[in-house]
Amino acid sequence: MFCHFTDFDDCMRFLVIVPWTAFCINFVGKTPFTALNLMMPVIMAIGTLGFMIGTGGSAVASINLGEKNPERTNQYFSFLLYVAAGAGIVLSFLGFLFVRSISIFRGADHELLKDCILNMDGFCSLGRRCLFCRMFFKAF
């Protein structure tokens, strides 16, 4: 089996996910693992928006750098960084508010709902709000 990793971060993420999955299934249980898999697309959708802002911003910055306008490039970068940080905070807060509704919409039953809320609350904490900006910088 051949895997191609674009950078060191992707390689390390792969090396962390495999043991974490084995740990979740064998020691934590099937229900928390199911809850994690149920909520992960929602978490990644929030991060993907940051990636899209970064990709579009990179194109705009490249155009302005090609036109020899570095001051305007800095303005665009600063503006998009503020938008990404603000959107990350707002979307994390909305995820925190609507975690129960999102979990039920995604198909969580009563037993699974508790673990889904726990996973999403962990994502919406202050430390995880950086995912949006991290994806922004990864694309830029």
Checklist entry - Does one hydrophobic cluster hold both Ile63 and Val60, with members joined at side-chain heavy-atom distances below 4.5 Å? => result no
Next on the checklist: Quick check for you: to the nearest 0.5 Å, what is the distance between Cys116 atom SG and Glu111 atom CD?
Outcome noted: 11.0 Å
Item to check | Under 3.5 Å: donor-acceptor pair, side chain of Ser58, backbone of Gly54 | outcome: no
Checklist entry - Which distance, rounded to the nearest 0.5 Å, do you find between the CD of Gln75 and the CG of Asn69? => result 8.0 Å
Checklist outcome for this item: Separation between CD1 (Ile104) and CD1 (Ile117), nearest 0.5 Å, reads 7.5 Å
Next on the checklist: For residues Val99 and Val42: do they belong to one hydrophobic cluster (side chain heavy atoms under 4.5 Å, members Ile, Leu, Val, Met, Phe, Trp, Tyr)?
Outcome noted: yes
Checklist outcome for this item: dist Phe77:CZ -> Leu65:CG (nearest 0.5 Å) comes out at 11.5 Å
Checklist entry - Hey, quick one: are Leu113 and Met40 part of the same hydrophobic cluster, counting side-chain heavy atoms closer than 4.5 Å, chains of contacts allowed? => result yes
Checklist entry - Can you list the steps and then say if Ile102 with Met39 is a side chain to side chain contact (heavy atoms under 4.5 Å, CB included)? => result CA-CA 9 Å; Ile102 292 169; Met39 296 311 290; 3.8 Å; yes
Checklist entry - Heavy atoms, side chains only, cut-off 4.5 Å: are Arg106 and Pro41 in contact? => result yes
Next on the checklist: Could you see if Phe79 belongs to whatever hydrophobic cluster contains Ile53? Use Ile, Leu, Val, Met, Phe, Trp, Tyr and a side-chain cutoff under 4.5 Å.
Outcome noted: yes
Item to check | Least distance between heavy atoms, Asp115 atom then Ala35 atom | outcome: CB-CB, 3.4 Å
